[in-house]
2 protein chains.
Amino acid sequence: MNRPVTLKDIARETGVHVSTVSRALDPNARTSLTREVVERIRTTAERMGYRPNRLASGLRTKRTMSIGLMIPDIENTLFPPIVRGAESVLEPAGYTSIIVNTDSDRKRETKLVDVLLERGVDGIIHAAPYRSDPRMIEVARRGLPMVTVNRQIENCDIPAVVNDDPGGIAMMLRYLHENGHRRIAHIAGPKNLSTGRARIEAFRATAQELHLDLPDEALVVSDYFDEQEGRRCTMQLLDSGAEFTAILCANDRLALGAFDALRRRGLSCPEDVSVTGYNGIPFLDLIPPGLTTIQIPQFDIGRIGAELLIKMMADPDVTIPRTTILPVKLVERGSVKHIDPA
Amino acid sequence: MNRPVTLKDIARETGVHVSTVSRALDPNARTSLTREVVERIRTTAERMGYRPNRLASGLRTKRTMSIGLMIPDIENTLFPPIVRGAESVLEPAGYTSIIVNTDSDRKRETKLVDVLLERGVDGIIHAAPYRSDPRMIEVARRGLPMVTVNRQIENCDIPAVVNDDPGGIAMMLRYLHENGHRRIAHIAGPKNLSTGRARIEAFRATAQELHLDLPDEALVVSDYFDEQEGRRCTMQLLDSGAEFTAILCANDRLALGAFDALRRRGLSCPEDVSVTGYNGIPFLDLIPPGLTTIQIPQFDIGRIGAELLIKMMADPDVTIPRTTILPVKLVERGSVKHIDPA
DNA sequence: AGTATTCATGCAATCGATTGCGCAACTTTC
DNA sequence: GAAAGTTGCGCAATCGATTGCATGAATACT
């Protein structure tokens with residue numbers, strides 16, 4: 001592989017010192033040089049095909065212009081739009097992101113944080129932390145700019161960009177209520193995730209406001225946000241003897257699992273049971289009967305998270321809101337049936 | 001942010017020279033040191049929480065232990081499994097990957113290659129190159145290890161890991177034939193992509209083998225591999241006056257678009273027209289009537305691509321097969337109807 | 001004209017880790 | 001016991017870019 005062109009090469013070619021070349025190529029330092037010298041250096045740099053060595057400059061300046069992006073799993077369709085949202089601001093700003101998949105495994109997460117630290121990332125965006133995460137808090141406290149998006153870590157001051165969970169759940173529950181549903185079951189998300197917790201609390205609060213009866217059997221908590229758990233929890237609801245005309249699921253994948261469980265039990269949605277989801281992942285419109293869900297602004301969550309991070313990296317003392325809550329909207333499809341209140 | 005621990009710190013602490021510390025921590029060089037010294041250094045390194053600075057070592061060794069992973073769009077569900085397949089071997093090997101989304105835009109692609117080069121990646125995996133791509137060829141020729149996966153660049157010796165396009169298309173066309181279909185339309189992929197081209201050629205060849213009549217109107221070439229194009233091409237087929245009982249689509253997204261177009265025209269699949277896809281992206285089983293498609297081994301494509309790249313990076317002169325072809329399989333769902341041959 | 005001031009550029013240290021070479025101390029050999 | 005060989009570690013250069021300080025030349029000022 002033929003050696004890349006360095007500042008030294010350009011210096012030799014133009015007959016100036018390497019530091020002059022460095023300054024000529026730096027938009028900030030260029031002021032103190034002769035317009036003519038700058039021009040000469042820039043054109044020969046161009047001609048020689050110079051590409052700065054980010055490693056070297058990063059070593060000296062302690063800024064790598066790269067950030068770590070931690071997600072649970074890129075195959076989970078919730079995350080790619082968040083990633084693109086983040087990159088939509090990082091890339092134009094000259095940042096490069098190192099994406100790591102944690103598989104929601106704490107051991108892996110710890111190891112991956114170390115990997116990011118070794119690579120000298122200038123900041124971290126964590127798209128799916130646990131509610132409690134001492135390691136991340138420690139890293140943030142040591143001074144590494146960090147934001148969480150989609151979920152948040154509790155009892156710390158790491159800025160978070162999240163969707164309006166309470167608002168979205170309340171909206172959905174009211175929607176079911178307006179459509180005549182009175183006995184509504186809930187498949188909640190894992191309790192160790194901020195979204196799981198926020199949604200179940202919102203469900204309880206709104207149910208109370210609406211004077212809905214909420215027997216214990218009508219609420220089942222999942223261990224993971226996935227189809228298999230949705231299936232299992234739905235089966236459990238069905239077997240519990242609880243009576244309900246609708247199931248409000250804490251996310252879309254749980255709802256997809258519910259679809260499947262109902263089908264297996266010979267029940268049809270929405271004829272026998274209405275089902276709702278949360279998040280608004282892709283393809284939902286193509287899967288019958290069409291999942292009525294809460295659409296969260298995935299792209300914007302990523303975008304705004306990255307914007308905040310960039311601010312923090314530029315000025316470590318800047319004040320950032322602890323929580324930025326983005327609005328959601330209800331998208332009506334076919335999985336909810338209008339019924340006469342029992 | 002408190003300063004990270006460096007070799008120098010450990011050297012001071014243990015009273016040895018920094019070079020000794022470096023050797024003690026390097027599994028390869030450790031042989032020439034006293035077992036006792038190595039032990040002492042390693043424990044204090046551990047105690048002080050030492051993390052090597054990859055920038056510094058990369059600068060010196062010219063190996064960054066990072067690779068570039070170029071994909072068109074992480075939101076396209078075809079690619080995340082490929083990414084995870086690649087990472088399944090890169091991560092354990094100590095490599096970190098920088099993922100960039102090209103949006104299949106040549107300008108962006110050129111810029112992004114430069115970004116990767118500046119970051120000093122040790123190699124590149126390109127998951128969606130154009131058939132012709134002088135820039136990538138040039139970069140590879142300059143000595144940067146590179147493989148393409150999923151698609152390939154023509155007229156060059158960059159190793160490629162692809163699925164068996166001819167085999168898959170032949171398998172599918174035969175399957176339609178066995179199910180009684182004789183007049184079969186084809187929505188082909190873009191001609192500037194190797195997969196688009198390979199599939200249309202395979203379609204033609206197999207059609208001839210089976211003595212199928214293939215009027216010009218029954219073959220339409222899409223501009224992009226997406227739903228919108230699938231819709232447009234299907235409309236065009238419908239309007240052309242061509243008679244057909246089935247449409248073989250060059251990929252799943254085109255097929256999804258075909259589903260939609262048929263529905264809009266009041267036709268039902270598979271009753272009126274059978275439809276088949278290619279790739280086997282997620283959720284297809286949930287979308288009625290269930291797309292019969294060719295499942296390609298996405299994860300393995302990524303995995304094997306990364307394995308080859310690692311070999312190339314370890315030894316630039318190693319011989320790698322120009323093309324590695326992975327087997328595919330047909331997955332039968334509900335979108336093909338068995339009919340009596342006309 | 002001589003000195004003060006400004007300006008453009010060079011010098012050299014630095015970031016943290018790696019590595020070829022050399023040297024001192026120790027062991028082996030006859 | 002001296003020469004030869006081995007072993008364990010230190011020295012210093014190096015990777016490429018950045019940057020505070022120094023320096024020499026040009027300009028301004030009295």
Side-chain angles (χ1 to χ4, degrees), chain A residues 1-42 44-45 48-66 94 117-122, chain B residues 1-42 44-45 48-66 94 117-122:
Chain A
M1 180 154 38
N2 52 15
R3 205 174 53 75
V5 179
T6 71
L7 288 189
K8 204 189 283 183
D9 298 324
I10 302 174
R12 193 180 321 110
E13 188 78 7
T14 54
V16 300
H17 193 264
V18 46
S19 64
T20 306
V21 180
S22 172
R23 282 187 261 258
L25 265 25
D26 176 357
N28 304 318
R30 208 183 306 167
T31 50
S32 74
L33 298 197
T34 313
R35 173 183 299 277
E36 174 210 9
V37 173
V38 170
E39 204 46 45
R40 186 156 51 94
I41 292 175
R42 304 201 73 208
T44 70
M48 297 176 75
Y50 172 72
R51 294 267 121 219
N53 181 327
R54 296 271 182 182
L55 283 196
S57 78
L59 178 60
R60 175 67 221 242
T61 62
K62 304 214 173 291
R63 297 191 70 208
T64 57
M65 294 304 283
S66 67
L117 258 24
E118 286 181 10
R119 298 335 261 215
V121 293
D122 296 337
Chain B
M1 183 153 39
N2 52 15
R3 202 174 54 76
V5 179
T6 70
L7 288 190
K8 204 188 286 183
D9 298 324
I10 302 175
R12 195 181 319 111
E13 188 78 5
T14 54
V16 299
H17 193 265
V18 47
S19 63
T20 306
V21 180
S22 173
R23 282 187 261 258
L25 266 24
D26 177 355
N28 304 319
R30 211 183 301 167
T31 50
S32 73
L33 299 195
T34 314
R35 174 183 297 277
E36 174 210 10
V37 172
V38 169
E39 203 46 46
R40 186 156 53 93
I41 292 175
R42 302 201 76 207
T44 69
M48 297 175 74
Y50 173 71
R51 295 268 121 219
N53 181 328
R54 298 274 182 177
L55 283 196
S57 77
L59 179 60
R60 175 64 221 243
T61 62
K62 305 219 174 286
R63 297 192 69 208
T64 57
M65 295 304 283
S66 66
L117 257 24
E118 287 182 10
R119 304 328 268 213
V121 293
D122 296 337

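First the proteins, then the strands, lettered A, B, ... as listed; each starts at 1.
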Choosing from [options], which nucleotide comes nearest the side chain of [X]?
{"X": "Ser22(B)", "options": "dT19(D), dA8(C), dT19(C)", "result": "dT19(C)"}
{"X": "Arg60(B)", "options": "dC15(C), dA13(D), dT9(C)", "result": "dA13(D)"}
{"X": "Thr6(A)", "options": "dT18(C), dG16(D), dC9(D)", "result": "dG16(D)"}
{"X": "His17(A)", "options": "dT18(C), dA17(D), dA12(C)", "result": "dA12(C)"}
{"X": "Ala56(A)", "options": "dT18(C), dG16(D), dG8(D)", "result": "dG16(D)"}
{"X": "Leu33(A)", "options": "dT9(C), dA17(C), dT18(D)", "result": "dT9(C)"}

Heavy-atom nearest nucleotide on DNA chain D for Val18(B) versus Thr61(B): which residue maps closer to 5'?
Val18(B)
Could you tell me whether the phosphate oxygens of dT14(C), OP1 or OP2, come under 4.0 Å of any side-chain nitrogen or oxygen in Lys62(A)?
no
What do the steps show when you test Asn53(A) against Leu59(B) for side-chain contact (heavy atoms from CB on, under 4.5 Å), and what is the final call?
CA-CA 9 Å; Asn53(A) 181 327; Leu59(B) 179 60; 4.2 Å; yes
Evaluate the side-chain contact (heavy atoms from CB on, under 4.5 Å) criterion for residues Thr14(B) and Val37(B): first the C-alpha distance (whole Å), next the side-chain angles of each, then the deciding distance (0.1 Å), finally the verdict.
CA-CA 9 Å; Thr14(B) 54; Val37(B) 172; over 6 Å; no
Please answer whether the main-chain N or O of Glu36(A) pairs with a side-chain N or O of Thr34(A) as donor and acceptor at a distance below 3.5 Å.
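No, because the side chain of Thr34(A) does not come within donor-acceptor range (under 3.5 Å) of the backbone of Glu36(A).
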Measure from [atom1] on [X] to [atom2] on [N] and round the result to the nearest Å.
{"X": "Tyr50(A)", "N": "dA17(D)", "atom1": "OH", "atom2": "C1'", "answer": "7 Å"}
{"X": "Arg3(A)", "N": "dC15(D)", "atom1": "CZ", "atom2": "P", "answer": "9 Å"}
{"X": "Glu39(B)", "N": "dG8(D)", "atom1": "CD", "atom2": "P", "answer": "16 Å"}
{"X": "Lys8(A)", "N": "dT14(D)", "atom1": "NZ", "atom2": "P", "answer": "8 Å"}
{"X": "Met65(A)", "N": "dC15(C)", "atom1": "CE", "atom2": "P", "answer": "22 Å"}
{"X": "Leu55(A)", "N": "dC15(C)", "atom1": "CG", "atom2": "P", "answer": "17 Å"}
{"X": "Asp9(A)", "N": "dA17(D)", "atom1": "CG", "atom2": "P", "answer": "9 Å"}
{"X": "Leu7(A)", "N": "dC11(C)", "atom1": "CG", "atom2": "P", "answer": "16 Å"}

Minimum heavy-atom separation for Leu7(A) and Ser22(A), please, with both atom names.
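That would be CD1-CB, 3.7 Å.
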Determine the minimum heavy-atom distance between Ala24(A) and Val38(A), stating which atoms define it.
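Taking Ala24(A) first and Val38(A) second, the nearest heavy atoms are O-CG1, 4.0 Å.
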Taking for each residue the nucleotide of DNA chain C with the nearest heavy atom, is it Thr20(B) or Leu59(B) whose nucleotide lies nearer the 5' end?
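The residue closer to the strand's 5' end, by nearest nucleotide, is Leu59(B).
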Nearest heavy atom decides the nucleotide; on that basis, is Pro52(B) or Val21(A) closer to the 5' end of DNA chain C?
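Between the two, 5'-proximity favours Val21(A).
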Is Val16(A) touching bases, backbone alone, or none of the nucleic acid, heavy atoms closer than 4.0 Å?
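Result for Val16(A) = sugar-phosphate.
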Do Ser19(A) side-chain and dC11(C) base share a donor-acceptor contact under 3.5 Å?
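Under the 3.5 Å cut-off, the side chain and the base do form a donor-acceptor pair.
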Does the base of dG8(D) carry an N or O that pairs as donor and acceptor with the side chain of Arg23(B) under 3.5 Å?
no
Do Arg23(A) and Asp26(A) meet the salt-bridge criterion of a basic N to acidic O distance under 4.0 Å?
no
